[in-house]
Enquirer: 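Below: one structure in structure tokens.
Given the structure is predicted, the values throughout are model-derived calculations rather than measurements.
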There are 2 protein chains.
Amino acid sequence: MMQATETQTIARKSLHHELVDRLQMLIINAELAPGTKVPEKLLCDQFGVSRTPLREALKVLASVGLVRLEPNRGAWVTQVTEDEVEEVFPVLGALEALSGELACKRITDAEIEEVRALHEQMMQSYENRDLDAYFSINQKIHRAILMAARNSTLTTSCQALSLRMQRARYLANMTEGRWYDAVQEHEKILKYLVARDGPKLAATLLDHMDAKRISVVRWLQAREATPEVS
Amino acid sequence: MMQATETQTIARKSLHHELVDRLQMLIINAELAPGTKVPEKLLCDQFGVSRTPLREALKVLASVGLVRLEPNRGAWVTQVTEDEVEEVFPVLGALEALSGELACKRITDAEIEEVRALHEQMMQSYENRDLDAYFSINQKIHRAILMAARNSTLTTSCQALSLRMQRARYLANMTEGRWYDAVQEHEKILKYLVARDGPKLAATLLDHMDAKRISVVRWLQAREATPEVS
DNA sequence: TGACTTAATTATGAATTCAAAATTACGTTG
DNA sequence: CAACGTAATTTTGAATTCATAATTAAGTCA
């Protein structure tokens, strides 16, 4: 009746587009380690593609800052630096604040219920001290608010910057105290979303992002002071 | 003593990077018309390059939304739609507001003087009803504020979105009334920058962008109602 | 003539090839 | 044996080639 769906899935996007996604994943999960060279040949073999589409994908990744292209020396996975964090988080904050603002105007009751459900799941993860689950749900909440803003340009911009900050689980570092604070912030986020109070939600998201920035910078600084672990 | 600088300049960036810039220019100046197909072969001939680097450049341009890639049907120059304008301007507004906020914290007295000089030039252009000069200087002012914010991520994000809105001189359409208002807004922008009043500057830039959005949408709507001119 | 097939042509996506640059391996000399 | 210089190897950037999909042109039949 129909071909295997996998064939369709692979055929759906062009090769280079598929590769952009795959490479992004590898970089975010630090399977391609920050600061290392992108092993072009190896990846071609692994994905079973030629260098042409892979290199096309690398150009795209370079344009969003996930890799750096050095003339005649290939592509290198970029590292998250303190300077970069200080730059990206304020921008991300402004964009998330806008998403909150817009979401309050456009979100449906059903969508609010979805966020509430996610929020409760997240709280459960907090109780269980299950950091992986907490982060996964956390991201879903932010994405849900972004979706409710009904602005694909905003979505794209936000996600591009988020990706850069998501690398190597940098965000997964939380002290007990920071985790508690983050949870409190999320209570406010839900409250203002339910109340559809745009300005207050925007302000809270901005604070939330700023607190995250401080936490990440602190961790990077501690990391820097520590001798490199293999 | 040294090679011709042009050789250096050409050698500095890779071919695909150079092509990204060139194609961007062609699209912004509508030499590649919105809605038309990107003439791959012709451009290769004109630039004297093979398809490989040109196609790499097209993938990058697609990722920022200046072209759309249709599977097996090539690259098409995207059109500025009303929906897109309604999406992009709020995001650009949030980013410019942030740039104003940050600029007030970081701008030097010398830089403020530069902006003031640009502002005066722009006013002169307004007196002379020289729209081209006005727009050129206008952009320089916004860029100067952006530079003063000292945030390259913000700069990149802003410029990517600005590019999309700059296409085909859409912004160059102004009624006499809108032009007057824009000039008033710019007086406020300068005033708050000089006073280093971040919040007020941010708010003014936001309003400025919103007014621009309305003006552009109005023009697009009028355009839509008009039978197509060659 | 005008709609529909089918064949020729062209354009696209991706693999391959090739020249030039960078890296590595090796040998030489102080 | 350590530093330098040179040759072999690998990698990179870009041109070329090739299979396939899309478009155009030509031919057929009502």
Side-chain angles (χ1 to χ4, degrees), chain A residues 2-4 6-24 26-27 32-33 35-78, chain B residues 2-4 6-24 26-27 32-33 35-78:
Chain A
M2 207 172 208
Q3 288 286 35
E6 202 194 350
T7 310
Q8 289 198 322
T9 309
I10 287 172
R12 197 182 52 207
K13 344 181 171 186
S14 64
L15 217 32
H16 101 275
H17 197 292
E18 180 74 27
L19 286 171
V20 167
D21 286 351
R22 302 278 204 108
L23 292 176
Q24 259 178 5
L26 290 180
I27 292 173
L32 292 176
T36 64
K37 197 157 109 142
V38 178
E40 209 174 271
K41 197 160 196 180
L42 184 68
L43 291 170
C44 286
D45 291 348
Q46 281 186 350
F47 292 131
V49 300
S50 76
R51 283 173 63 218
T52 307
L54 188 91
R55 293 173 105 274
E56 287 172 349
L58 289 174
K59 309 291 188 236
V60 172
L61 292 178
S63 81
V64 294
L66 285 176
V67 307
R68 193 164 24 81
L69 299 176
E70 292 196 18
N72 294 317
R73 298 199 57 245
W76 298 72
V77 182
T78 53
Chain B
M2 208 172 206
Q3 287 286 37
E6 203 194 349
T7 310
Q8 289 199 324
T9 309
I10 286 172
R12 197 183 53 209
K13 359 181 162 182
S14 62
L15 218 32
H16 101 275
H17 196 290
E18 180 73 27
L19 286 172
V20 167
D21 286 350
R22 301 278 204 108
L23 291 175
Q24 260 178 5
L26 290 180
I27 292 173
L32 292 176
T36 63
K37 195 156 110 145
V38 178
E40 210 175 90
K41 198 161 195 177
L42 183 68
L43 291 169
C44 285
D45 291 348
Q46 282 187 349
F47 292 131
V49 300
S50 75
R51 286 173 60 218
T52 307
L54 189 91
R55 288 166 59 69
E56 287 171 350
L58 289 174
K59 308 293 188 238
V60 173
L61 293 178
S63 81
V64 293
L66 285 176
V67 306
R68 193 164 22 81
L69 300 175
E70 292 197 18
N72 294 317
R73 298 201 55 245
W76 299 72
V77 181
T78 53

Enquirer: Measure the spacing between CG of L58(A) and CZ of R51(A) and express it to the nearest 0.5 Å.
Expert: 10.5 Å
Enquirer: Does P53(A) or N72(A) map to a spot on DNA chain C nearer the 5' end, using the closest nucleotide for each?
Expert: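 Mapping each residue to its closest nucleotide by heavy atoms, the 5'-most match is P53(A).
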Enquirer: Give the rounded distance in Å between these two atoms: CZ of R73(B) and C1' of dA21(D).
Expert: 11 Å
Enquirer: With a cut-off of less than 4.0 Å, is there a side-chain N or O of K59(B) near OP1 or OP2 of dT12(C)?
Expert: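 So the side-chain polar atoms of K59(B) never come under 4.0 Å of the phosphate oxygens OP1 or OP2 of dT12(C).
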Enquirer: Please state how far atom CD in E40(B) lies from atom P in dA22(D), giving the value in whole angstrom units.
Expert: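 Spelled out: CD on E40(B) to P on dA22(D) is 16 Å.
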Enquirer: Applying the side-chain contact (heavy atoms from CB on, under 4.5 Å) criterion to H16(A), which one of K59(A), R55(A), E56(A) satisfies it?
Expert: E56(A)
Enquirer: Rounding to an integer number of Å, can you tell me how far R55(A) CZ sits from dA15(D) C1'?
Expert: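 These atoms are roughly 12 Å apart.
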Enquirer: Pick the closest DNA chain C nucleotide for W76(A) and for G48(A) by heavy atoms, then say which residue is nearer the 5' end.
Expert: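 That would be G48(A).
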Enquirer: Can you confirm whether H17(B) sits close enough to L69(A) that some side-chain heavy atom of one is under 4.5 Å from a side-chain heavy atom of the other?
Expert: no
Enquirer: Does the dG13(D) base have a donor-acceptor partner in the side chain of R51(A) within less than 3.5 Å?
Expert: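 Answer is yes: a donor-acceptor pair is held.
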Enquirer: Round to the nearest Å and state the distance from K41(A) atom NZ to dT9(D) atom C1'.
Expert: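 After rounding, the gap between these two atoms is 11 Å.
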Enquirer: From dT12(D), dA14(D), dA15(C), pick the nucleotide closest to the side chain of S50(A)?
Expert: dA15(C)
Enquirer: Just the rounded figure in Å: distance from P of dT16(D) to CD of E56(B).
Expert: 15 Å
Enquirer: For N72(A), check side-chain contact (heavy atoms from CB on, under 4.5 Å) against everything at least two apart and list the hits.
Expert: none
Enquirer: Over how many whole Å does the gap from H16(A) atom NE2 to dG13(C) atom P extend?
Expert: 10 Å
Enquirer: Figure out the CG/P separation between L58(A) and dT11(D), and round it to whole Å.
Expert: 15 Å
Enquirer: With hydrogens left out and only the distance checked, is there a donor-acceptor pair under 3.5 Å joining T52(B)'s side chain and the base of dA15(D)?
Expert: yes
Enquirer: How long is the line joining CZ of F47(A) and C1' of dA14(C), in whole Å?
Expert: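 For the pair F47(A) CZ and dA14(C) C1', the rounded distance is 16 Å.
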Enquirer: Only one of I27(B), L26(B), L23(B) passes side-chain contact (heavy atoms from CB on, under 4.5 Å) with V77(B); say which it is.
Expert: I27(B)
